[in-house]
> 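Dumping the structure here so I can ask a few things about it.
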Number of protein chains: 2
Amino acid sequence: MSTTPRRQDPDMDPAPRISARSAAVHDRVQEHLADLDQRYTSGRRRLIELLVATSRPASLPELLELDPSIPQSSLYRNLDMLERTGLVRRLTTGGEHARFEFAEPLLAHHHHLICVSCGLIEDVTFADAVETAVDDALHEAALDYGFEPLHHSIDLHGHCSDCAAQN
Amino acid sequence: MSTTPRRQDPDMDPAPRISARSAAVHDRVQEHLADLDQRYTSGRRRLIELLVATSRPASLPELLELDPSIPQSSLYRNLDMLERTGLVRRLTTGGEHARFEFAEPLLAHHHHLICVSCGLIEDVTFADAVETAVDDALHEAALDYGFEPLHHSIDLHGHCSDCAAQN
DNA sequence: CTCAGTGCAAAGGATTTGCATGCCG
DNA sequence: CGGCATGCAAATCCTTTGCACTGAG
């Protein structure tokens, strides 16, 4: 076995960034799971690899398409476990399938553009001033209702460029 | 306390506030459906009544509990129909069941406090300045990705007062 | 009178789980 | 080695749908 999986032509695309990013994520995940006495098995590694590969929140069918050799039940079980340990976030908005992305220790604070037509989700980041304004407003509102705030999320629903072009 | 329980009388109106609100909503719904050549049947009236009764976004089991005599399928079908006509909004965030609330013609623009523990959702409104700041940021972000923006939503996840007390 | 709405039950589809086996620590 | 993770398949649960009947317009 070679040390690296076959990919595109090394002359055209050495892709050093992806590898570095992937390794860094694996380190973070391994450490986090070790702290919680959870195993970092090969199946979980493969799942993390898939999540690194998709730059967007991914649905289970999308993950399966990237690596059909992983059983659905293992994907669901491990996504669930990673969610419970706080490494992965499950997005229920935006279509028939849930979508999964890295949670904030692994991915910077951001929000989502959601296509109401095809369910595609893009990550976006806002200026600190906007985040602060929203946080202040939310904190105040939470107090009024006795809520203990944890985190906020902002979605923009609309049509992605592909779907907008089709109409 | 009166010794004789009173049923609702078509001529009298012993509960002015609720009835007034309910009547206003019924009028709006009826008009809206008439414009779209949709019938405002007794089943749909009962559903609207339930939605008026719950001050919060309600899940289907909650609606069923309020009036167990309505078949689930009718609730789902009418909620779906009301959603397609733009009178009702379906919230997929916040639990195993979808939740339903009146859409913006019938309910002022607002956002949600979501209990991560029990799924309860409260409506909250923000100052115009916050809404404007968010809209500006979202509009800019949408341009970057070729999104055609429709509307935004902001959620605050946390623990509601009941669930916070239980820990 | 006609066609959409209703109720019942059964189907559909995403997600979860039981159980025997394999692998991590 | 012991216990948790895995794979397969079957189960579960929310939601949707087919069909015959009722009611609104």
> Is A:Arg77 touching bases, backbone alone, or none of the nucleic acid, heavy atoms closer than 4.0 Å?
base

> Kindly point out which of D:dC8, D:dG23, D:dA5 is positioned nearest to the side chain of B:Arg39?
D:dG23

> OP1 or OP2 of D:dT6 less than 4.0 angstrom from a side-chain nitrogen or oxygen of A:Thr41, does that happen here?
yes

> Any luck finding a side-chain donor-acceptor pair between B:Glu131 and B:His111 under 3.5 Å?
yes

> When you measure from the side-chain N and O atoms of A:Ser74 to the phosphate of D:dG7, is any distance below 4.0 Å, counting only OP1 and OP2?
yes

> Less than 6.0 Å separating the ring centroids of B:His157 and B:His112?
no

> Looking for any heavy atom pair under 4.0 Å, which part of the strands does B:Asp80 touch: base, sugar-phosphate only, or nothing?
nothing

> Using a distance-only test with no angle check, is there a side-chain donor-acceptor pair under 3.5 angstrom linking B:His26 and B:Glu49?
yes

> Answer whether the closest heavy-atom distance between the side chains of B:Glu101 and B:Leu106 falls below 4.5 Å.
no

> For A:Leu75 and D:dG7, what is the distance between atoms CG and P respectively, to the nearest whole Å?
9 Å

> Does A:Ser42 or B:Gly43 map to a spot on DNA chain C nearer the 5' end, using the closest nucleotide for each?
B:Gly43

> For the side chain to side chain contact (heavy atoms under 4.5 Å, CB included) test, which of B:Leu82, B:Val29, B:Ile70 pairs with B:Leu47?
B:Leu82

> Between B:Asp135 and B:His152, is there a side-chain donor-acceptor contact under 3.5 Å, judged purely by atom types and distance?
yes

> Counting just side-chain N and O atoms, does B:His97 come under 4.0 Å of either OP1 or OP2 of D:dC13?
no

> Counting only side-chain N and O atoms of B:Tyr76, is one of them less than 4.0 Å from OP1 or OP2 of D:dT16?
no

> With a 4.0 Å cut-off, would you call B:Arg56 and B:Glu122 a salt bridge?
yes

> Might you point out which heavy atoms bring B:Leu51 and B:Phe100 nearest each other, and give the distance in Å?
CD2-O, 4.0 Å

> Can you sort out which residues in residues 28-38 of chain A have a heavy atom within less than 4.0 Å of DNA chain C? Ascending by number, please.
none

> Checking all strands, does B:Arg45 fall into the base, sugar-phosphate, or nothing category for heavy-atom contacts under 4.0 angstrom?
nothing

> Of all nucleotides in DNA chain C that come within under 4.0 Å of a heavy atom of chain B, which is furthest toward the 5' end and which toward the 3' end?
C:dC3 to C:dA9

> Report the distance from atom CG of A:Leu64 to atom P of D:dG7, rounded to the nearest whole Å.
12 Å

